Amino acid sequence: MSHLSIKHNIEPSWIVQKIWLPVWLLILSLGFSHIGAANELSGKISVEGRFFPESTIYADQRSNNISAVVQPEYYHEWQNGNSFIFVPFARFDSSDSERSHFDIRELNYLWLSDNFELRSGIGKVFWGVTEFVHLVDIINQTDQLESIDGEEKLGQPMVQFSMARDWGTIDLFLLPLFRERTYPGKNSRLRSEFIVDPDKSRFESSAEERHVDLAVHYNQTFGDLDFGIYHFWGTGREPTLLLSSNEKGETIFVPFYEQINQTGVYLQLVVGEWLWKLESISRSGQSEDFFAVAGGFEYTFVGLADSQIDLGIITELAYDDRGDASSTSFENDLMIGLRLTVNDAASSELLVGVKQDLDNTSKVSSFEASRRFSDNIKGTLQAGFFFDVEEEDLFYSIRDDDFIQLELSYYF
């Protein structure tokens with residue numbers, strides 16, 4: 001495949017070596033300047049334990065693990081409204097050296113004008129409205145070392161120009177450096193049968209990770225309807241995994257990042273206690289062109305049985321016209337969930353969901369509960385269970401990776 005190019009080997013510490021010292025010098029200088037402006041230091045320190053009741057499937061996997069997370073946040077705002085934010089992230093894992101990783105989630109400066117806003121640096125941008133699958137979210141790369149649900153994202157180098165008017169808000173994005181998706185190592189649970197080797201990643205563009213991506217986004221609120229639409233040109237965040245072999249002759253996956261064009265639309269309509277949601281994308285440039293859609297509703301029983309408790313019922317459908325060739329597990333699926341909000345002083349919440357593949361017997365259930373134990377301490381319990389997973393399902397490689405995860409976080 002002569003049109004493919006192998007990326008240059010870039011050390012994981014590259015970002016740290018390039019900007020860590022200048023960032024801290026900048027923070028120190030800000031701390032002693034602009035008297036009267038806001039300087040805020042917050043963040044969290046967490047300890048997490050994962051327990052897997054079933055035996056491992058693949059060699060070198062470890063059953064259980066403990067990890068720690070440090071995520072401070074520094075925020076500075078000048079009197080004119082301009083601001084600076086820095087959010088580093090680090091995880092230290094007992095079982096998987098790949099999951100022990102560092103990232104800069106945010107490091108950017110926001111400049112406010114009377115007519116527009118300009119944000120530059122490393123940032124996070126989220127688009128989407130549905131609960132179980134986020135089709136339209138594309139700016140930031142997925143941090144798959146953190147979870148399998150795609151919720152956690154890597155920081156993205158960007159320049160964002162925003163202009164808000166009565167007729168809506170326009171955002172223009174210049175994305176000068178591509179972030180590759182992270183993958184768990186051979187010791188980790190919740191991984192594919194064959195290890196994904198990012199060191200052998202391939203790119204359709206000869207510029208590789210230095211290809212400059214572009215996006216334009218429009219959103220507006222029309223009464224009770226929130227509407228957004230965008231177009232993205234650049235390196236696809238979701239790679240095609242190619243079978244290959246490493247120097248030891250072991251079968252591996254090699255990520256191949258194609259150049260894509262993607263148009264996305266999302267909307268959310270509030271009608272009383274009903275919340276109707278829809279996301280849809282059309283993508284070209286990654287194998288065959290395809291269309292995908294996800295949508296449904298959430299109905300909330302407010303003040304259940306004359307109490308302060310709210311109960312939401314969530315129902316969503318997801319469809320991808322690639323069928324079994326889809327690169328995600330949401331090719332034809334029904335998701336049903338319950339969201340319980342206690343509305344107490346401890347901010348107790350519970351979310352339970354079930355995903356049923358409509359083409360086979362595969363089912364996945366999830367559970368997430370959280371509660372504050374003080375102003376600074378919060379506990380989170382998560383669990384995932386896999387039932388009757390068939391071989392053609394993308395969850396087949398983790399069919400025996402039922403897990404229970406407990407996290408205790410201290411916020412400062």
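Just so you know, these numbers use all the heavy atoms, side chains as well, and skip hydrogens, waters and symmetry mates. Source: prediction; values computed, not measured.
Side-chain atoms of Pro72 and Val87, non-hydrogen and from C-beta on, never get closer than 4.5 Å to each other. Side-chain contact check for Leu278 versus Trp276: every heavy-atom pair is 4.5 Å or farther apart. Val196 is listed as a side-chain neighbour of Pro255, based on a closest heavy-atom distance under 4.5 Å. Side-chain contact between Tyr74 and Leu107: absent, with no pair of heavy atoms (C-beta onward) separated by less than 4.5 Å. The shortest distance between side-chain heavy atoms of Ile314 and Leu351 falls below 4.5 Å. Two residues are said to be in side-chain contact when any heavy atoms from C-beta on lie closer than 4.5 Å; Arg119 and Val159 fail this criterion. Considering only heavy atoms from C-beta on, Ser327 comes within 4.5 Å of Arg322 through its side chain. For the pair Ile122/Glu106, no side-chain contact is recorded, criterion being any heavy-atom separation below 4.5 Å from C-beta on.
Under the 4.0 Å criterion applied to side-chain N and carboxylate O atoms, Arg99 and Glu48 are assigned as salt-bridge partners. A salt bridge is absent between Glu146 and Lys153; no separation between the charged side-chain nitrogens and carboxylate oxygens falls under 4.0 Å. Salt-bridge annotation for Glu298 and Arg339: present, with a side-chain N of the basic residue lying under 4.0 Å from a carboxylate O of the acidic one. In summary, Lys277 and Glu279 do not engage in a salt bridge, as defined by a charged side-chain N under 4.0 Å from a carboxylate O. Salt-bridge formation is not detected for the pair Arg91/Asp93: no Lys NZ or Arg NE/NH1/NH2 atom is positioned less than 4.0 Å from an Asp or Glu carboxylate oxygen. With respect to the salt-bridge test (charged N to carboxylate O, under 4.0 angstrom), the residues Arg189 and Glu54 do not qualify. For the pair Lys186 and Glu250, the salt-bridge criterion is not met [side-chain N within less than 4.0 Å of a carboxylate O].
How far CZ of Phe52 is from CD1 of Ile398: 9.5 Å, rounded to the nearest 0.5 Å. Taking CG from Asp197 and CZ from Phe253, the interatomic distance works out to 12.5 Å, rounded to the nearest 0.5 Å. In this structure, CD1 on Ile45 lies 10.0 Å from OG on Ser409, to the nearest 0.5 angstrom. With values rounded to the nearest 0.5 angstrom, Asp289 atom CG is found 7.0 Å from Ser282 atom OG. Atom CG of Asp333 sits about 3.5 Å away from atom NZ of Lys355, to the nearest 0.5 Å. Summarising the geometry, atom CG belonging to Asn82 is positioned 5.0 Å from atom CG belonging to Leu112; distances are rounded to the nearest 0.5 Å.
The shortest heavy-atom contact between Tyr58 and Ser192 is CE1-O, 4.2 Å. When every heavy atom of Ser63 is checked against every heavy atom of Thr56, the shortest pair comes out as OG-CG2, 3.9 Å. The two residues Glu204 and Gln259 have their closest heavy-atom pair at OE1-N, 2.9 Å. Looking at every heavy atom in both residues, Val389 comes nearest to Ser362 through CA-OG, 3.4 Å. When every heavy atom of Glu258 is checked against every heavy atom of Gly285, the shortest pair comes out as CB-O, 3.6 Å. Listed here is the closest heavy atom pair of Leu175 and Phe232: CD1-CE1, 4.0 Å.
Using a 30° and 60° split on the angle between ring planes, Phe412 and Tyr410 fall in the parallel class, below 30°. Taking the six-membered ring where the residue is Trp, Phe395 and Phe386 present tilted rings, their angle falling between 30° and 60°. Using cut-offs of 30° and 60° on the angle between ring planes, the pair Trp78 and His76 is perpendicular. Relative ring orientation between Phe203 and Tyr257 is described as parallel, the plane-to-plane angle staying below 30° on a 0-90° scale split at 30° and 60°. Ring orientation note: the planes of Trp111 and Phe116 are nearly perpendicular, at an angle over 60° on the 30°/60° scale.
Between Trp127 and the options Tyr266, Phe227, Phe173, Tyr218, a ring pair (Phe, Tyr, Trp, His ring centres under 6.0 Å) holds for only Phe173. When the options Arg181, Arg179, Arg105 are evaluated for a side-chain hydrogen bond (donor to acceptor under 3.5 Å, both in side chains) with Asp143, the one that passes is Arg105.
Although no hydrogens or angles enter the test, the distance criterion places no donor-acceptor pair under 3.5 Å between the side chain of Ser188 and the main chain of Gly185. Side-chain atoms of Arg165 come within 3.5 Å of backbone N or O of Asn115 as a donor-acceptor pair. For the pair Asp344 (side chain) and Ser348 (backbone), a donor-acceptor distance under 3.5 Å is present. Listed for the Gln141 side chain is a donor-acceptor partner under 3.5 Å among the backbone atoms of Arg237. The main-chain N or O of Leu177 is found under 3.5 Å from a side-chain atom of Gln156 such that the two form a donor-acceptor pair.
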Should Ser94 and Asn65 be marked as a side-chain hydrogen bond (donor to acceptor under 3.5 Å, both in side chains) after you check the CA-CA gap, both sets of side-chain angles, and the distance that decides it?
-> CA-CA 6 Å; Ser94 65; Asn65 70 295; 5.1 Å; no

Stepwise side-chain hydrogen bond (donor to acceptor under 3.5 Å, both in side chains) test for Asp213 and His211 = CA-CA 6 Å; Asp213 302 335; His211 185 276; 2.8 Å; yes

Going through the checks in order, is the side-chain hydrogen bond (donor to acceptor under 3.5 Å, both in side chains) test met by Asp310 and Thr341?
-> CA-CA 5 Å; Asp310 297 336; Thr341 306; 5.7 Å; no

Take Glu152 and Ser147 through the side-chain hydrogen bond (donor to acceptor under 3.5 Å, both in side chains) test and state the conclusion after the steps.
-> CA-CA 7 Å; Glu152 297 297 326; Ser147 64; 5.6 Å; no

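Side-chain N/O atoms of Asn376 and Ser374 include no donor and acceptor closer than 3.5 Å. Side-chain contact check for Gln160 and Asp171: at least one donor-acceptor pair (N or O, by modelled atom type) lies under 3.5 Å. Using modelled atom types and a 3.5 Å distance limit, the side chains of Arg50 and Gln405 yield a donor-acceptor pair. With hydrogens and angles left out, the side-chain atoms of Glu73 and Tyr75 include no donor and acceptor closer than 3.5 Å. With hydrogens and angles left out, the side-chain atoms of Thr130 and Glu316 include no donor and acceptor closer than 3.5 Å. Using modelled atom types, one finds no donor on one side chain facing an acceptor on the other under 3.5 Å when comparing Asn187 with Ser95.
Under the 6.0 Å distance and 45° angle rule, Arg283 does not count as a cation-pi partner of Phe290.
A 6.0 Å sphere centred on CG of Leu338 holds more than 12 heavy atoms belonging to other residues, nucleotides or ligands.
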